[in-house]
Number of protein chains: 2
Amino acid sequence: MNNNQTFLDKLRQRGYRITPQREMIVNAIAHSDRHMTAEGIFDAIHPRSKALNLTTIYRTLDLLVDVGLVSRADLGNGRTMYTSDQHGPHLHLVCRQCGCVTDAGPTLLAAIDDQLQASFGFDADLQHVCISGLCKFCQTPS
Amino acid sequence: MNNNQTFLDKLRQRGYRITPQREMIVNAIAHSDRHMTAEGIFDAIHPRSKALNLTTIYRTLDLLVDVGLVSRADLGNGRTMYTSDQHGPHLHLVCRQCGCVTDAGPTLLAAIDDQLQASFGFDADLQHVCISGLCKFCQTPS
DNA sequence: CTCCTTGCAAAGCCTTTGCACGCTG
DNA sequence: CAGCGTGCAAAGGCTTTGCAAGGAG
């Protein structure tokens, strides 16, 4: 679980400075299996340390995305979700009812990708996409 | 090309009033094969008639979505796209480079839907989703 | 000591809401 | 004539930007 080191090393390599804030943010992302929004990261850190600002989180996330350690995915609702790329590429299935996020793994991803590629020659950024719908548990007959 | 009538009739049926603004908006959507944003509709109409406000467009679009004549799809960038449901369900493939929007038709849609359903029991709102990537023409070897 | 980073505040962007006037039916 | 629909202005939520102070290397 020393993803943090990996992350920090890569940042150092690229000549970025390692600050407490960046460490905290990287930590939050690397330790979490979850997908996080900027605000989620803020909420995770703020209780323990107040030396962190939302602005900084956004800037650091942009930086991590540039470096290629994290990928950005658009939730439909105007928010943006960030995920460590350590987990490999995956598609996000967001339940419109309960808000849960299911990851569709490489297999399904590849299948869909193939179809988009074959039918339209379209090279999709599937890791960056969230598909909304109803998860297994919310498909109530009501 | 009298989709407008269909649209307006349905609105009347539901007890909504037909106003010049609603006619213009419905016209813009029905006559266009394109996917439109609220602002796009505004820009299409404003040159000819100034009797229209962005607020009204948003309210009318909400209404059309409620009635089921139009569907809402999330572009990744915080904007929302609206499409006449006359064209049937389709998935939007948005090129991150040239911005073009390709529609993936029912076949592909069904295939993807099946896979999400089979693998995760996830009932996707595929018509509401835009997948970003590179279109056929932008996949340059650079 | 240099200058990359941070925090604060304010702006930006798209969308929504409140309220009084006006027009549809 | 009743009440829905409109425009205007302002707020709202998330994200970005400007600028001076602060910390990393």
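Letters go in sequence order (proteins before strands), and every chain restarts at 1.
- Separation of atoms CG (A:Leu91) and NE2 (A:His128) is listed at 11.5 Å; rounding is to 0.5 Å.
- Taking all atoms of both residues into account, the shortest heavy-atom contact from A:Phe120 to B:Asp103 is CE2-O, 3.5 Å.
- Atom CZ of B:Arg72 is separated from atom C1' of C:dT16 by 12 Å (rounded to the nearest Å).
- Rounded to a whole Å, the OH atom of B:Tyr58 is 16 Å from the P atom of D:dC8.
- Distance from the side chain of B:Thr55 is smallest for D:dC8 among the nucleotides C:dG7, D:dC8, C:dT15.
- The nearest whole Å value for the distance from the CD1 atom in A:Ile18 to the P atom in D:dG22 is 22 Å.
- The residue among B:Arg12 and B:Glu39 whose nearest nucleotide of DNA chain C lies closer to the 5′ end is B:Glu39.
- Residue B:Thr19 is classed as a sugar-phosphate contact, given heavy-atom separations below 4.0 Å to backbone atoms only.
- Ring-centre distance between A:His90 and A:His35: below the 6.0 Å cut-off.
- Atoms CG (A:Asp66) and C1' (C:dT5) sit 16 Å apart, rounded to a whole Å.
- Of the candidate nucleotides C:dT24, C:dT5, D:dG7, C:dT5 has the atom nearest to the side chain of A:Tyr16.
- For D:dG23, neither phosphate oxygen OP1 nor OP2 lies less than 4.0 angstrom from any side-chain nitrogen or oxygen of A:Gln21.
- Between the C1' atom of C:dT16 and the CG atom of B:Leu63 lies a distance of 15 Å, rounded to the nearest Å.
- For C:dC8, the OP1/OP2 oxygens have a side-chain nitrogen or oxygen of A:Asn53 closer than 4.0 Å.
- Side-chain contact between B:Val94 and B:Thr102 is absent, with no heavy atoms from C-beta onward closer than 4.5 Å.
- Taking 4.0 angstrom as the limit, B:Arg22 places a side-chain polar atom (N or O) nearer than this to OP1 or OP2 of D:dT6.
- A salt bridge links B:Arg72 to B:Asp62: one of the charged nitrogens lies within less than 4.0 Å of a carboxylate oxygen.
- The CG atom of A:Leu54 sits 14 Å away from the C1' atom of C:dA9 (whole-angstrom rounding).
- Between B:Thr80 and C:dT15 there is a side-chain N or O to OP1 or OP2 distance below 4.0 Å.
- Between the CZ atom of A:Phe42 and the P atom of C:dG7 there is a distance of 10 Å, given to the nearest Å.
- For the pair B:Pro20 and B:Tyr82, nearest-nucleotide mapping onto DNA chain C gives the more 5' position to B:Tyr82.
- In this structure, CG of B:Asp62 is placed 13 Å from C1' of C:dC14, rounded to the nearest angstrom.
- Comparing C:dC14, D:dG25, C:dG7 by their closest approach to the side chain of A:Arg17 singles out D:dG25.
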